[in-house]
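Fair warning: this is a prediction, and the values are worked out from it, not measured in the lab.
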Amino acid sequence: MDLVGDQRAQSVQIGAVLLFAVLIVAFSTYQAFVVPDQNRRVEFNHNQGVQSQLQELRNAVVSQVGGGSQTAVSVALGTTYPSRAVAVNPGPPSGSLRTNGTVDTGKQLTVSNAVADGETGDYWTGNPRRYNTGTLVYEPNYNVYDGAPTTYYEHSVAYNRFRAGTVALSGQTFVDGREISLVALNGSLSRSSSGTTTVDVDPVSQSERTVTVTDDGTDPISVSFLTRLTETEVEGILSKDGEYDPTGSQADAYVAAVDKTGENGPFNNITVTFESGADYRLQMAKVGVGSRVTTEPDAYVTVVESVSGSLARDEQTEITLEVRDAYNNPVSDVTVEASDNSSSPGTFAAAGGTRDTDEDGRVTFVYSADSTTATTPHQLNFTTKETITGDPAVSPDRVDFDSTTPRNVTRTVTVTPSPATGPSGSVTLSTARARDDDDADGDGDSNSVPGGVELTFQNRYGQDIEVTEIGLRPTDTTIDALADASGGSGPTENEYYVQGDLRDGYADFSQFSSGFSSTDGVSLPRETDLDIEGRINGDNARVSDGATFTVYLYEFYRYDEGAGTATNVDMRGESVRVSVTYTVGGSVYETTQTVTPTGAGGSFSSTRATGLVPNAQQEQTISFTPGSTLPAGTTVTVNLDEPQKTIPLQVDYGSASIASAGGGSASWVSQADNEQTRIEYTPSSDVAAGTRVNIRLTDVIAGDQSGQSNPYTVPFTRADTGNTVTDDFSVTRGDGASGLDSVTIDNLDPNSGGQTQQITLSPATGTTLPNGESVYIDLSDAQGADDVQYGSASVSVVGGGGSAQFLEQGSDVVVRYTSDGAADGDTITLELTGVSTGSGANSPYTVGLSRADEDTAGATFEVTAANRAPTVSIDQVTTSIGGNGRSGDVTVEFTGTDPDNNLASYTVELYDSSAQSNRLDVVTNNGYSGGTATETVSDTDNSNSPNGGEPPYYVVVTVTDGPGQSDTAEQST
């Protein structure tokens, strides 16, 4: 056997080598192509996610205009690749987030030619106002995705910059019609990582306040800012939002021009110019991120409330000022000094005329004139004591006090002589109580309604007085009658009875003929002379020095003369303006009081807790009116135990704040206890009987409607008397005493996106919606996949002024509208855009509204298809020719359809011409449900037709649906 030439083992070795080579080539191909492609996809997906996070960061910044709160936003700067068993990944990609220009005073936003009225005009004079601001920049450092953009936030816009151009990620919020909203970005931030970082957005200066400005009459208002965007790109963003109107032809667009006015490194200096002659609402905020965030000092002082420009000796008036920073937002704890710069000055009710601003930036001075105050115009000067650059402090008692500088304010008050000369003294109100005179002599009304009012006064003139007239004007104008039994004279037996210690006076009337069941009376409002008017009357009442006298008013009714009915009114908590006219030594005087009677206990004449809407963090006003003087330092405790519950959530006061407490201070007691929550209020000075005290709460959280146990009882307790009076409120979308009229909300179409929905409301007759007050609108009942989706909607105010924003857009949907001052008769219109709907499975929906200072209101809307019009077409017309006395018949075949399957009838008409002036025949069918139909109409009287029973004819077919919409088809034969 020959083994020398056998080479079979070599082929096996060669095969193994070749197989190994194939594996090496395959792995190399996987490492070189597959791994980078997969990692590029990871990097691309990360970049899409971080863009969404940067938009959230942008939203957190721009939401600070209008009163936002501190917010934290997480941003994933980098990412990681998936683990691999054999192949190798490069190092994890990273990214950097940094600010640019936010601490560089050369990077500014400038508002030019903006002028305001009043004291605010001392600051907004038309001169340029400059604000340091800058940019947020995110720059990725990917390994394989080399086309990734750099993402920027500037001036309310987030956008991507690629090598080939710019793509906006968001719209802008700094222009909305005549609303200009500017947010300055402050602080230093520089973070680079492959992990996630958290950015805290800190509101340095913000509020819900707007300032109305107009141009200076020469040049229009403009806003200039530095941006990497080009002039054309800014125009495009404004145009997309419907704000750019260079031709001046659009009614709701006010940006007249966008110009590049210079450069600063990589930035373009862009100037946005607004139309001249219009009023604009300017709202500003300063937001800090990172470190080196600077606070804002006070910049100017303005008057927000000033009573009369004149007062008599022994009278007083109030002036309320507000200290603001450069962003028009309030500054607290600023010392304001007041002085009367005259030789015989009045006095200010504060130590040395000096007071500090409260958390709303406000301070109120009470100016009094006494018998030594000169009866001349008095220049009242006010100034902040802090030094502001370029505006050195000036003492308010200096002759050269300059009221035109921003931090100085002057008000002129003219002091006049006392209304009448004569003895010094007064008639003062002691108590005001509501009672039913069945408790006494009986009034014949067969009920126990406390419809009578008893007022106790004291004579402090040092001599006798004579009470001659009583005037009555209820605040509620439906309370229009005073009527009581006429069985004689005495307290509770006459409409008017004044019981004095020296002599009583009274007047009794019998005006009414029906509705009062053996009582009689007189219409209100009116002035009544005690010794002249009435069916019967006595003399005027007489009261000695230091003695008290009681005015009995029995009883108050609502009278319907047409129906001949009268309803006794419970006067507890009702307000009445009462004037008492009296003489002292032959001189006539009058004291006028608005009283709110209490019950017999005399502790509170009224108490109130305003209602809330569900699913919203909102405001609530707690108020009470003492029935007798509440001494300074006396505590009133408000018990909120019953509504406070978090499992299930009813009302949670755990994070609520006390925004204001009129005439004193208020603080929480046991606020953190889920089952016990109390507020203690302490007045800083005596609170007179009939004076309403308001305690404003913010950030009160109400839960879903299903978790409520309405109504909730709120006890009010006075420490000096131990007396407790209760009120109640509800969390509901239903109607309450909201002070709102004409609340409507548009219906929506089913299964449709991009819809617009409007909500309208107006202050009720005789009321206002003051500047700064909010209305919270709960749309949560409609939110749902099969119902309405508000998650991507936007809200704006399109009528009536003010501002609006979404507070919640998840499972709960809440809109807050903030008024800039609306009067009776004004209509406010909010517009929601980008609203989508499903089938409307749970339609109709209830919308709840709550006012910070009032109560709740409700409205409903539906998701329902609007009725659509039917259509008709003529398929065929056949004519049978008449002549020689025979008729001409026209047979018409037609088809009617209705998208709503709601057809009801058709009509076929025959005319001799298209002018349709001579109708020859008509056929009507009121049972038509659609489809193809055939009818014949005839020219039966040839003498009526110029055609003589022969064509041409003119046919008109009309189909009509159930709601009355129709369509017509016409054809000549």
Whether Ser684 side chain and Gly663 backbone form a donor-acceptor pair below 3.5 Å
yes
_If you count heavy atoms of other groups shown closer than 6.0 angstrom to CG of Asp356, is the number above 12?_
yes
The side-chain hydrogen bond (donor to acceptor under 3.5 Å, both in side chains) partner of Lys286 among Gln64, Gln206, Glu296 is Glu296
### Query
Any side-chain heavy atom of Thr320 sitting closer than 4.5 Å to one from Val363?
no
For Gly800 and Tyr817, the nearest pair of non-hydrogen atoms, with its separation, is O-OH, 4.2 Å
Heavy-atom nearest pair, Ile658 first then Glu359, reads O-OE2, 3.1 Å
Problem set entry | Stepwise side-chain contact (heavy atoms from CB on, under 4.5 Å) check, Thr354 with Val336 | CA-CA 6 Å; Thr354 300; Val336 180; over 6 Å; no
**Asked** Ignoring hydrogens and geometry, is there a side-chain-to-backbone donor-acceptor pair from Thr629 to Ala688 under 3.5 Å?
**Response** no
For Arg718 and Pro626 the tightest heavy-atom approach is NH1-CB, 3.8 Å
Test item: side-chain donor near acceptor, Ser850 and Gln618, under 3.5 Å:
yes
Are a donor atom and an acceptor atom from the side chains of Tyr582 and Tyr461 found within less than 3.5 Å of each other? yes
Across all chains, not counting sequence neighbours, the side chain to side chain contact (heavy atoms under 4.5 Å, CB included) partners of Glu527 are Glu469, Ser579
Verify whether one side chain among Thr610 and Thr621 offers a donor that lies under 3.5 Å from an acceptor in the other.
no
Contact between Trp668 and Ile679 at the side-chain level, heavy atoms closer than 4.5 Å - yes or no? yes
**Study point:** Heavy-atom side-chain proximity of Val700 to Leu612 below 4.5 angstrom
**Key:** yes
In this structure, CG of Asn639 is separated from OG1 of Thr717 (nearest 0.5 Å) by 7.5 Å
May I ask you to decide whether Glu119 forms a salt bridge with Arg324, counting only side-chain N to carboxylate O separations under 4.0 Å? no
Heavy atoms of Pro474 and Leu524 approach each other most closely as CG-CD1, 4.1 Å
### Message
With a 6.0 Å cut-off (strictly less than), is the heavy-atom count around CZ of Arg526, excluding the residue itself, greater than 12?
### Response
yes
Determine whether Arg696 and Glu773 satisfy the following criterion, salt bridge (Lys or Arg N to Asp or Glu O under 4.0 Å), listing intermediate values before the conclusion. CA-CA 11 Å; Arg696 171 74 69 83; Glu773 184 177 345; 5.5 Å; no
Yes or no on side-chain contact (heavy atoms from CB on, under 4.5 Å) for Leu455 and Val580, after CA distance, side-chain angles and deciding distance? CA-CA 11 Å; Leu455 309 173; Val580 177; over 6 Å; no
Interatomic distance, CD@Gln283 vs CD1@Ile180, rounded to 0.5 Å, equals 11.5 Å
Flag for Arg678-Thr637: side-chain donor and acceptor within less than 3.5 Å
no
Only one of Asp122, Asp325, Asn328, Asn408 passes side-chain hydrogen bond (donor to acceptor under 3.5 Å, both in side chains) with Tyr300, and that residue is Asn328
Taking every heavy atom of Pro345 against every heavy atom of Asp340, the minimum-distance pair comes out as CA-OD2, 3.1 Å
Requested in this report: State, yes or no, whether a side-chain contact exists between Pro525 and Leu472 at a heavy-atom distance under 4.5 Å.
Outcome: no
Open item on the list: Would His378 and Tyr367 count as a side-chain contact (heavy atoms from CB on, under 4.5 Å) here? Give the steps.
Closed with: CA-CA 11 Å; His378 290 248; Tyr367 176 75; 3.4 Å; yes
- Check for a donor-acceptor pair, side chain of Thr210 on one end and backbone N or O of Arg281 on the other, with a separation under 3.5 Å. no
Contacts of Arg129 meeting side chain to side chain donor-acceptor pair (under 3.5 Å) (sequence neighbours excluded), chain-then-number -> none
* Asked: Taking side chain as C-beta onward, heavy atoms only, is Trp124 less than 4.5 Å from Leu282?
  -> yes
Tightest non-hydrogen contact, residues Ala609 and Val714, listed as CB-CG2, 4.2 Å
| field | Pair Leu769-Ile828, side-chain contact (heavy atoms from CB on, under 4.5 Å): steps then yes or no | value | CA-CA 10 Å; Leu769 192 61; Ile828 298 153; 3.8 Å; yes
Value for CG (Asn329) from CG (Asp298), rounded to nearest 0.5 Å, stands at 13.0 Å
With a 3.5 Å cut-off and no angle check, do the side chains of Arg692 and Asn694 form a donor-acceptor pair?
-> yes
query: Does Asp117 reach the main-chain N or O of Gly121 with its side chain, forming a donor-acceptor pair under 3.5 Å?
result: no
* Asked: Does the side chain of Phe556 reach to within under 4.5 Å of the side chain of Glu574, using non-hydrogen atoms?
  -> no
CD (Glu619) and OG (Ser774) are apart, to the nearest 0.5 Å, by 4.5 Å
- Query: Is any side-chain heavy atom of Tyr327 closer than 4.5 Å to a side-chain heavy atom of Val204?
  - Reply: no
Are side-chain heavy atoms of Leu311 and Val415 found at a separation under 4.5 Å? yes
Geometric class of the Phe382/Phe348 ring pair [parallel <30°, tilted 30-60°, perpendicular >60°]:
perpendicular
Main-chain N/O of Arg816 paired to Gln805 side chain as donor or acceptor, under 3.5 Å: no
d(Thr856 OG1, Leu849 CG) to nearest 0.5 Å is 9.0 Å
>> When you measure from the side chain of Asp699 to the backbone of Ala656, do you find a donor-acceptor pair of N or O atoms at a distance under 3.5 Å?
In response: no
inquiry  = side-chain hydrogen bond (donor to acceptor under 3.5 Å, both in side chains), that's the test. Do Thr548 and Thr456 meet it? Break it down for me.
reply    = CA-CA 7 Å; Thr548 61; Thr456 303; over 6 Å; no
CZ (Phe365) and OG1 (Thr317) are apart, to the nearest 0.5 Å, by 13.5 Å
